[in-house]
Each structure stands twice: as C-alpha cells, then as structure tokens.
**Student:** 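Once you've had a glance at the structure underneath, I'll fire off some questions.
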Protein chains: 2
Amino acid sequence: MPGTIKEVAERAGVSITTVSRVINGNPKVRQDTRERVYEVIKELGYVPSAIARGLTLGRTHTIGLILPEIADGFFSQVIRGADEAAVRQNFHLLVSTFHSHRSDEELSFRLLGEGRVDGLILMDPTLGDDFLMEFHRSSFPIVVLCKKIKYTNCKYVVIDDLQGAYQAVVHLIKHGYKRIATIRGPLDNYDAFQRLAGYKSALKDYNIKLNPEYIVDGNFQWEGGESAMHILLDLVQPPDAVFAANDPMAIGAMEAVKKRGLSIPKDMAIIGFDDIELARLVTPPLTTVHLPMYELGAMAVESITGMLKGKSTRRKNILKTGLVIRKSCGC
Amino acid sequence: MPGTIKEVAERAGVSITTVSRVINGNPKVRQDTRERVYEVIKELGYVPSAIARGLTLGRTHTIGLILPEIADGFFSQVIRGADEAAVRQNFHLLVSTFHSHRSDEELSFRLLGEGRVDGLILMDPTLGDDFLMEFHRSSFPIVVLCKKIKYTNCKYVVIDDLQGAYQAVVHLIKHGYKRIATIRGPLDNYDAFQRLAGYKSALKDYNIKLNPEYIVDGNFQWEGGESAMHILLDLVQPPDAVFAANDPMAIGAMEAVKKRGLSIPKDMAIIGFDDIELARLVTPPLTTVHLPMYELGAMAVESITGMLKGKSTRRKNILKTGLVIRKSCGC
DNA sequence: TCTCCTTGTGGAATCGGTTTCATAAAATAT
DNA sequence: ATATTTTATGAAACCGATTCCACAAGGAGA
C-alpha cells in the first residue's frame, strides 16, 4: 500500500487530476508542476493501483491462459512463450488448467465474466465449438490453440503438421533413401492424419510410388512404434528409412531396430515428430520435427494484444514446424 | 460484459444494496426478494466484477508466482501444485519469470504495488535478503521457495535435502552394500552441501567409517558424473554402491559403469537425486530421491492464503523428499 | 394505545483511479 | 486596451462493487 493518488495530490499541493495527468504522461502539465509531482511520487514510493485503473478503464492488462495440463514439456513451453510475449507488451498472465471439478464454462466464465482478464487463450482438444460460440457473443478476445474453429469467429493458432511431415520425408528422400516407410498415429487423430498426408504428399512430389505395405499403424506410444517397426523389418523388402508420426513411436522403433542387431542410421534411418526432450538423449540422437510451442504461446498473446489495440489480426494463424537434424537420419 | 449490479437492481426493482446482499449470501433479505433477484441475475447472466470487488475489498483473490524459468520440469511442477492449491482456495495464479530486461524489484513492485496480487511466491536462488527486507516492510504476504531467509520474517518453504540424501544412503546400507561412495555437487552450492551432509550422517549412524576416497567431486552435470565414476572405478578398492548428488551425474556415472562392461546394479548400485524425467527412462531405471516440487507450490499457496485469512502459519516449512525405488539400487 | 425491538430495505459514502467540462490565468491577436 | 485564443488546473461525475447508517413496517411488551 504505497499511498494513493490523493495523498500524492495533497502532498504536492495539486489536484488528483493533475497527478493523474502526470502519471499518464499527459503533456498538458507545466514542467515545474510535473517535477514537483514526480518528486512526491518518488518520495512516497507511490504506485498507481492497477485495480482502480482497471475499474475505470475496463482493462486489466491481464490475459488468461488455460491449458489442459501445466507440468508437461509442451505446455510449459507454451506458457513460457506466452509469458515472454506478455512481458513485452506489458501484460500479465493468469494461468490455469481446466480442472475436473469445475466445468470449462465455470472457469472461463469467472475469468471473463468477472473481468479479471482482457482476453483468453484456450487450449483444449475437447473444446466444443458450441461452447466457444457462446463466449464469442461476448466479443471477448479469445484465441484457441491447436484447433480449428468452424462456427464462430474466434481466432486460432495451429501448427502446420502437414508441412512438418512433408519436410521430414523430403529430408529422407534427399538423403537418397529409396524405401521410405511411415508409422502413423491413430486414425481418428487429426494430427496423425495431417502427418500422414504430409508423408504422402512428399512421396508424390518426388515421384516415389506409394507402397501400402510401408504405411503401418501405430498408437502414438513407444510400444506401438516398436511393434510397427518389427512388422516393417519382417517385410520381404524392408524399408531403408522410417518416418514415425511422433517421437515416442520413433524411439520405440529405434529400440526394435537395435534389438535386431541393426544399426541406425546405417541400416535404417529414422525421423520422428514432436521433438520431445528425450529425442536428443537417445542414441543416436533422434532427428525429428520440432513443434513451435513457444511460438504458439507467444503468437496467441500477440494476437490477443493486437485485438485489444484494435488492430485487425488475422483469424487463423499457422505456425511452421522446424526440422531438427540430429543423427538418426544419417546426417 | 454481463451487466452490472445496477442493472440487476433496476430489473428486480430493488436497490443495489439488496442485490449485493443476495450475491454475498447475507441472510437479511426476505426469501421472495432473494428469489426475484436470483432470477434476474440468471436472466441477465450477471457475474459480479472481480475488479470492482477488488477495489472495495482490497483483495484480488490472486497470487503472484515468480519463477526463474517456466519451461522446466521442476518449475512447471511447482506451477501445477500452486495452481491446484489456488483453485481449491478459489484463488487465481499470476505467473511470471524474472526477466533479464527488468529488475526483480520492478516486477515485484508492479505486482504488489499495483495491487494486482494479494500475495507473492518467489523462487529465485539469487534473491538477496536485503531485497526481501524492503518488501517485507509492506507487510505483504510473501513466501520464498527453496531458500532460507535470515533477516526478515518472510515465510519460506524449503526441501529437506539432507533427509533425502540420508534416506537414499540408508537404503543402500540396508541393501547390504559395504563400500558406499558419493559423487557430490559443487562445493559452493547449498543443496550439494546438504546432500553430502546427509550422506555422511547416514554412514555415521550406521557405524560405517567414512572413506575420503569415496567422496568425489562432480559438477552437477552428466560429464562430471561420468568422470567421477571413472575415478571411483580406478580405485584399488572400488565402491559397490554410489550415491550421486543429482540425477544427471548419476546417469553419467551409469554410462561410465556400462562402458567398463560392468553391470548395474550387480557390480555397482547407483542412486541419484532429483527424480528428473529421464531417471525412469534410462536402463536400468534409476532409483532416486524425488523432490516434492508439486507440494512446494501447493504449500506456498496455502501458506499465503492462510496468511490472508489471518491464520498464523509457520514461518518455515520443510518438505520431505521421497525415495523412488526403481532398479539401479538392486531392488 | 403507545413505545421498543426486529427485520428488511435503500441512500449515500467509499475504494482509487480517469475523464469531461468549466474556469482562471496567460499569451496572442486586433 | 480590449477581445480572443491557448494553456494549466481543478471540481465533479463515473467505473462497479461493499457497507455504514438511517428508516419504515410489523410484532411484542407494557
């Protein structure tokens, strides 16, 4: 409680209006008055109350960030990106998760309805469009992560999985591998679908015939990758390179290769997807597609602050992935 | 903008005082009045403004959490613990990091001075006592993590490293290992010091003579652990078990053992400290001391909310570590 | 019947700022 | 010297709640 504007005003012998002007850099204050006020402010260690300000201005300079989980390698990078972007814009970040014991609605309700935040960043694969619809009526700045929103005009930021997969497979092609297989994710998963599409697209662009035997099902888990790789190795003509739709499967696949006494990347090149922490720790270090989670958080914040400043930001933002070249591809 | 209390009052044909009473569960409202107000509230989708409330009550129901880094396995667990505790207490969490381009002071200043938060949780090994002193004058609830505070009466929560190390070494002793060595951390590190003390204490309590050769320097890094283990293995009488002061060193040590063609835990048992994610992924899975980061965050929040509610909470809180028994100890 | 409590309700001050509008003083134009 | 504009300043309304205090109505007690 470092004093109020009133105290400053009295002490400086001016009105609170003048003090307010000084604080906000309003030029219509005489130089000597300004200096006197500044002096008192310093003397009292006065800091204007963000709450009072928020009440009059209707702005809290705070953005809500709601994630499915916090203690997760990916999500925590989203937070970091959001935090740094928020700081750049002089905003604060209210972080929370969807907790089982309170509904999505309740949480978002409180944050927005109570006016705690100026905007909301939501990341939840299970989020329904209708739920978002309801919110959007309130004309609150809302940005949804990793999910395309159909029916409302909420903004969203997604990661271009297709391009990432494409790039990975092209990398393998340019390495000279001829028989490139893929271990795909579960069919109902949108990301898995996109990554498979990227694989197919790359082969097509380089005139490599698609061999159905080279597309094996995985479950996005370690074990799925391992058994999928065994299937591939048992083929009459096994592939010489594999693109796994995520890192755990890639690492499982590596394990299978090793168990057969084969070497990576000499006998079998492998590229994963996600760039989990473990990827650079396995032997050989896994070449993989990096997900720009940091940028995702940062862009979401910038999208929100942009909206708040009245800039017309684009409704859809697509972030490119990046290929992280390590050893498992043969580089 | 789900309406204001004024609109509700008008619509319900009562004064805002009455509406306020209804919202806050004040019993001095006739039943039928209450129902009428509730109806209007529902109809309008009215949610009271937390900002306005904050202004009058001087409480924001928000706690600031400032960490050195966010995208880190440990810190993100602190956030999660804090988040869940905050939700339980109906509080919100404002998360940020000390950013290089703004001073500690500036950040804490803003959060507290501006009245954005009701209390602050600080985690920063470099935090100076004098810095905290200055803040404590303001009688704000502040809790410092993982750092003992001498000169002020700030609360703090620390992890009992000594006890953790003690427990780990005792576990090795009870396994029947006779020659237990340790790879310690850098001497100037308080945690490293505590862990070494725990090691010594355990040996002493079990009447095992301390062999100076069995205390090798490490640097808390992977490589340091590896070279330290080589030193141990080159001894005339190498140890049969090693307690490494953190997991990276333990994993480096495992690597050294493997390179010599020895097996873990048959030829050499190893216990680490920290329980990093990688610990359960190495082969064999590393037995290690788990740091209760989740509890740290949760306890800090509870300490703050306790203070806010006027409970006299203890100034110092010590959290116990827990031994995570996996395979590297021989279990 | 007249006072004295309850009980339910509302008016108005308050929290700490911002902002509109009025006004006094100073500067410029006539 | 007077009229007009500009500049610096302050009074007061407002943001959306809470809360103290006043007050009217109804019931109990004398």
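All figures in this text were calculated on a predicted structure; none of them were measured in a lab. A, B, ... follow the sequence lines: proteins, then strands. Residue 1 opens every chain.
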**Student:** Would you kindly give the CG-to-P distance between Leu44(B) and dG16(D), to the nearest whole Å?
**Tutor:** 13 Å

**Student:** Any side-chain heavy-atom pair from Gln89(B) and Glu84(B) closer than 4.5 angstrom?
**Tutor:** no

**Student:** Note the angle between the end axes of the helix from dT1(C)-dA30(D) to dT30(C)-dA1(D), five pairs defining each, rounded to 10 degrees.
**Tutor:** 50°

**Student:** Check whether any side-chain heavy atom of Asn24(A) sits under 4.5 Å from a side-chain heavy atom of Arg53(A), and report yes or no.
**Tutor:** yes

**Student:** Quick check for you: name the first and last nucleotides of DNA chain C, 5' to 3', having an atom under 4.0 Å from a heavy atom of chain A.
**Tutor:** dG16(C) to dC21(C)

**Student:** What residue pairs, at least two apart or across chains, pass salt bridge (Lys or Arg N to Asp or Glu O under 4.0 Å) with a residue in residues 299-311 of chain B?
**Tutor:** Arg88(B)-Glu302(B)

**Student:** Here's a test of your reading of the structure: between Lys28(B) and Lys28(A), which maps to the more 5' nucleotide of DNA chain C?
**Tutor:** Lys28(B)

**Student:** Taking any heavy-atom pair under 4.0 Å as a contact, classify Ser20(A): base, sugar-phosphate, or nothing.
**Tutor:** base

**Student:** Respond yes when some side-chain nitrogen or oxygen of Arg21(A) is under 4.0 Å from OP1 or OP2 of dA8(D), and no when none is.
**Tutor:** no

**Student:** So which heavy atom on Gly54(A) is nearest to which on Ile51(B), and how close?
**Tutor:** C-CG2, 3.9 Å

**Student:** Using every non-hydrogen atom in the two residues, find where Glu114(A) and Arg116(A) come nearest and quote the distance to one decimal.
**Tutor:** OE1-NE, 2.8 Å

**Student:** Within this structure, what is the CD1-to-C1' distance between Ile51(A) and dA17(D), rounded to whole angstrom?
**Tutor:** 13 Å

**Student:** Given the rule in the side-chain hydrogen bond (donor to acceptor under 3.5 Å, both in side chains) test, do Arg34(B) and Asn26(B) qualify, once you have shown the distances and angles that lead to the verdict?
**Tutor:** CA-CA 10 Å; Arg34(B) 181 186 309 279; Asn26(B) 188 317; over 6 Å; no

**Student:** For residues 54-61 of chain B, which residues have at least one heavy atom under 4.0 Å from DNA chain C?
**Tutor:** Leu55(B), Thr56(B)

**Student:** Name all pairs fulfilling the salt bridge (Lys or Arg N to Asp or Glu O under 4.0 Å) condition that reach into residues 24-33 of chain A, sequence neighbours left out, sorted by first residue then second.
**Tutor:** Arg30(A)-Asp32(A)

**Student:** Could you work out, with side-chain contact (heavy atoms from CB on, under 4.5 Å) as the rule, every residue matching Ser15(B), not counting sequence neighbours?
**Tutor:** Thr17(B), Thr18(B)

**Student:** Checking Asp191(A) now: which residues fulfil salt bridge (Lys or Arg N to Asp or Glu O under 4.0 Å) with it, not counting sequence neighbours?
**Tutor:** none

**Student:** Could you walk me through whether Val301(B) and Ile63(B) pass the side chain to side chain contact (heavy atoms under 4.5 Å, CB included) check?
**Tutor:** CA-CA 8 Å; Val301(B) 164; Ile63(B) 294 174; 4.0 Å; yes

**Student:** For DNA chain C, find the residues of residues 30-43 of chain A with a heavy-atom distance under 4.0 Å and give them by number; none if there aren't any.
**Tutor:** none

**Student:** Which atoms form the tightest heavy-atom contact between Ser96(A) and Val87(B), and what is the distance?
**Tutor:** OG-CG2, 4.2 Å

**Student:** Identify, residue by residue, the members of residues 5-18 of chain B with a heavy atom below 4.0 Å from DNA chain D, and return them in order of residue number, or none.
**Tutor:** Ile5(B), Ile16(B), Thr17(B)

**Student:** Do any pairs count as a salt bridge (Lys or Arg N to Asp or Glu O under 4.0 Å) and have a residue in residues 35-49 of chain A, sequence neighbours left out, and if so which ones?
**Tutor:** Arg11(A)-Glu43(A)

**Student:** List in chain and number order the residues that pass side-chain contact (heavy atoms from CB on, under 4.5 Å) with Val144(A), two or more places apart in sequence or in another chain; answer none if no residue qualifies.
**Tutor:** Leu132(A), Ile142(A), Lys147(A), Ile149(A), Tyr156(A)

**Student:** Check for a donor-acceptor pair, side chain of Thr33(B) on one end and backbone N or O of Gln31(B) on the other, with a separation under 3.5 Å.
**Tutor:** no

**Student:** Show which side-chain atoms of residues 64-74 of chain B pair as donor or acceptor with protein atoms under 3.5 Å away, not counting sequence neighbours.
**Tutor:**
{"unit_1": "Glu69(B)", "atom_1": "OE2", "unit_2": "Ala71(B)", "atom_2": "N", "d": "3.0"}
{"unit_1": "Asp72(B)", "atom_1": "OD1", "unit_2": "Phe74(B)", "atom_2": "N", "d": "2.6"}
{"unit_1": "Asp72(B)", "atom_1": "OD1", "unit_2": "Phe75(B)", "atom_2": "N", "d": "3.0"}

